[in-house]
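Here's the structure we're looking at; comments come further down.
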Amino acid sequence: MIRDMAAGPRVLLKRLRELMAEPLEPQERLDRIVRDIAANMVAEVCSLYVLRADSVLELYATVGLNPNAVHLAQLRLGQGLVGTIAASARALNLSNAQEHPAFAYLPETGEEIYHSFLGVPVLRAGRTLGVLVVQNKTMRHYRDDEIEALETTAMVIAEMIASGDIARLSRPGLELDMSRPASFTGIAFNEGVGLGHVVLHEPRIVVTNLFNEDSDEELRRLEDALGSLRLSIDDMLERRDVAFEGEHREVLEAYRMFANDRGWVRRLEEAIRNGLTAEAAVEKVQSDMRARMLHMTDPYLRERMSDFDDLANRLLRQLMGRGPETIAASLPKDAIIVARSMGAAELLDYPRDRMRGLVLEDGAPTSHVVIVARAMGIPVAGQMKGAVSMSENGDPIIVDGEEGIIHLRPQPDLEAAYAEKVRFRARRQELYRELRKKPSETKDGVKVDLLMNAGLAVDLPQLAEAGAAGIGLFRTELQFMVASTFPRAEAQEKLYRDVLDIARGRPVTFRTIDIGGDKVLPYFKGSAQEEENPALGWRAIRLTLDRPGLLRTQVRALLKAAGGRELKVMLPMVTELSEIAQAREIIDREVRHLSRFAHHLPTSLKLGAMIEVPSLLWQLDELMQSVDFVSVGSNDLFQFVMAADRGNTQLADRFDPLSVPFLRVLKQIADAGARNHTPVTLCGELAGKPISAMALLGVGYRSISMSPASIGPVKAMLTELPLGELKSFLDDNLSGPAANLPMRALLQAFADDRSIPL
Ligand code: PEP
Ligand code: MG
């Protein structure tokens, strides 16, 4: 008789469904499940081992082995056949198990009489939760359809484990791996501490409807969904839209290839024929793949596998008709978003008031999403490899954006310690709020302007909250970076107008678009060739002078937005003075144009330059004469003076801006400004750390611009600082012979001696 290969698994799944619906105690349910599996597969043994948090696999149910061994027999991860399956996330199919080198004999089970062995991992979203085994006395090799059937059954068991049903059988101290606390160390991207609950970005959709009623119908649904998926990818590829050039295109090409991959589709169809719904089939095939991906080391293949992962998610969404809107609506109040990677615009889709933190598996401190998160004041930790597959929606989680650590499902004492840390930070914030009322003056009465850096509409409420004297750097390129095409002139004008409205007369310095370098616009590929050194390449003012249309549009938007008010415009990455002259010509032409059409013009227009390129250091007086103000971009200036890439984490702490040479550079600039009566500001990250802000004041700066969160701590330092004393202390140390002085330590000691809070 020819056996209908799919009938067996289908019957079994139907049985399992009935068992799941019955009001049974968890142990009873497990016992019945293993009995049914054994009967269906004509096996003499069926056993389930569940992975505990201490990496031990415990026998939870069996038919065929000694029943007294249940909850007693155990194997470490990697030990024996069962441990090997769990560690490798791969099935083992053996006709004579005892001959396998990993075989470990557990006398309490009485398993010595069984020869053939088939074990499959119990997987959920790429994590191994346990191992399901069948055994027979005869030496036989299990067929592929039997392996498939056991894997499908294992998936049902994975759902039972994830639902918490089986966890009720665990003994105190021997909890299941699913609820194991896990900590990850990566990189701190934005400071702050967040406690909350996991929200998986593009979450793996939890498939609860596992069993199909009609395989043909499910196959049709899969076919339809695959069809629409392929169409949508082709559609995106055909749009001759600049947004899809370069990397985007490559990813889409890869998606198209995968969506047509016969092997993938065949595995999906097979799973449906075995009785799963189309959704459950996608989840199963993907789970197998994810588990294997965890053991793959080739970064290229891993990347391709994650493309597959994304594609499977898209397919699931097609099948379930779910969009991102529903996800945002169901966000908890203390959401911590956990993502493999994310675009900046996607972060903006989440409501700010419900987000407590962001965790990224990838990312760099300069990636757009991190810039936006920083602007929104969200703690961010990145490079957390494996965080996504270890997290479940709703898991408690802590993000420590100061240390670059996350704690998943933390123990109560750790949670309490962090809650205290959060309370401490809140008290400090309260103190800073109090400080807002105090004048921004040193202890000896010298007035200092504390300004804030901004770049997006989401930043603006912080102007009042932080008590900033104005916006010292408005990074206009951020609007371009979070968009998918060039923002239209009207959108630019609106943003600038909003900024000026909210600033209510406080000064705002708009920097013209600073793109290029690490700030790439996916939709703009102006340069024909790949740049070998983009930081030294075609960027900022160099780029906008070569594409004057960009600059003209922006300048016109700025002039219109500032009608009847003061306008300050600043040029990034100036290298030689002729660049300022050229930009001024473009601006003047726009002013003439607007006045010809009787537009309301700004009451005054000031043009400034950033000092970021060392060439300006040898023409400081001429520079000061040719602009209305300057601002030191210490991030770039430091990287060029030290020849040390600002984005290279390996070099991050190698050179110190608070060293004699760099402090001398900073002092020369401040001196030149004073000599020429040209206002000088500094707007790099240096301004935001109390110790370096103190040094800046000591070498002559009276205006510094920083992220809004830094204003409180810097002001706390400022109001306790005897500036006269610090000035003579620094003058002495910087003007003497160029000894290798530990300036940071000296500054720290200066502050400690005077109880200045740093
Ligand atoms: C700088 O370089 O210091 C600066 C403020 O500009 P950005 O960080 O945007 O390059
Ligand atoms: Mg810069």
Side-chain angles (χ1 to χ4, degrees), residues 50-56 58 77 124-130 161-201 203-204 206 294 330-340 342 350 353-363 370 373 377-429:
V50 179
L51 185 62
R52 294 195 320 228
D54 58 356
S55 297
V56 166
E58 179 179 315
L77 202 62
R124 189 162 191 271
R127 281 178 72 190
T128 302
L129 306 182
I161 299 178
S163 72
D165 199 26
I166 291 180
R168 285 166 45 207
L169 297 176
S170 67
R171 285 154 295 156
L174 299 174
E175 279 78 18
L176 301 192
D177 188 57
M178 259 319 264
S179 41
R180 173 165 59 102
S183 297
F184 297 76
T185 303
I187 296 181
F189 283 161
N190 191 36
E191 71 159 70
V193 171
L195 273 79
H197 290 91
V198 169
V199 170
L200 289 164
H201 177 62
R204 299 181 306 265
V206 179
L294 286 180
S330 58
L331 214 60
K333 283 200 189 69
D334 57 356
I336 293 191
I337 317 289
V338 179
R340 197 164 59 79
M342 194 195 274
Y350 288 99
D353 58 340
R354 284 169 179 254
M355 270 191 290
R356 296 279 178 279
L358 174 66
V359 176
L360 299 170
E361 283 208 354
D362 300 339
V370 175
I378 304 168
V380 190
Q383 310 241 321
M384 298 291 173
K385 297 289 171 224
V388 170
S389 73
M390 285 294 283
S391 311
E392 286 292 333
N393 271 323
D395 276 349
I397 183 173
I398 298 169
V399 183
D400 184 337
E402 276 156 31
E403 303 292 332
I405 297 176
I406 61 168
H407 302 284
L408 203 54
R409 302 177 285 271
Q411 307 270 24
D413 50 346
L414 189 67
E415 192 165 331
Y418 268 99
E420 181 49 39
K421 199 166 169 174
V422 169
R423 275 193 294 275
F424 175 75
R425 284 178 64 89
R427 277 198 298 275
R428 236 178 22 196
Q429 291 302 328

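Counting begins at 1 with the first residue of the sequence.
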State, to 0.1 Å, how close [X] and [Y] come at their nearest heavy-atom pair, and which atoms those are.
| X | Y | value |
| --- | --- | --- |
| Met355 | Ile337 | SD-CG1, 3.9 Å |
| Ser391 | Val198 | CB-CG1, 3.9 Å |
| Pro379 | Gly192 | CB-O, 3.4 Å |
| Ile398 | Leu414 | CD1-O, 4.3 Å |

Please list every donor-acceptor pair under 3.5 Å in which a side-chain atom of residues 183-191 meets a protein atom from a residue at least two apart or in another chain.
| residue | atom | partner | partner atom | Å |
| --- | --- | --- | --- | --- |
| Ser183 | OG | His407 | ND1 | 2.8 |
| Asn190 | ND2 | Ile378 | O | 2.8 |

For the residue pair Val199 and Arg354, establish whether any side-chain heavy-atom pair is separated by less than 4.5 Å. no
Within a strict 4.5 Å, meaning less than it, do heavy atoms of the Asp334 and Leu195 side chains meet? no
Give, for atom [atom1] of [X] and atom [atom2] of [Y], the distance between the pair rounded to the nearest 0.5 Å.
| X | Y | atom1 | atom2 | value |
| --- | --- | --- | --- | --- |
| Arg409 | Met390 | CZ | CE | 5.5 Å |
| Tyr350 | Leu331 | OH | CG | 7.0 Å |
| Arg356 | Ile336 | CZ | CD1 | 8.5 Å |
| Leu360 | Ile406 | CG | CD1 | 10.0 Å |
| Leu51 | Glu58 | CG | CD | 10.5 Å |
| Leu358 | Met384 | CG | CE | 10.5 Å |

Within the side chain of Glu402, is there an N or O that forms a donor-acceptor pair under 3.5 Å with the backbone of Val193? no
Who are the side-chain hydrogen bond (donor to acceptor under 3.5 Å, both in side chains) partners of Gln411, not counting sequence neighbours? none
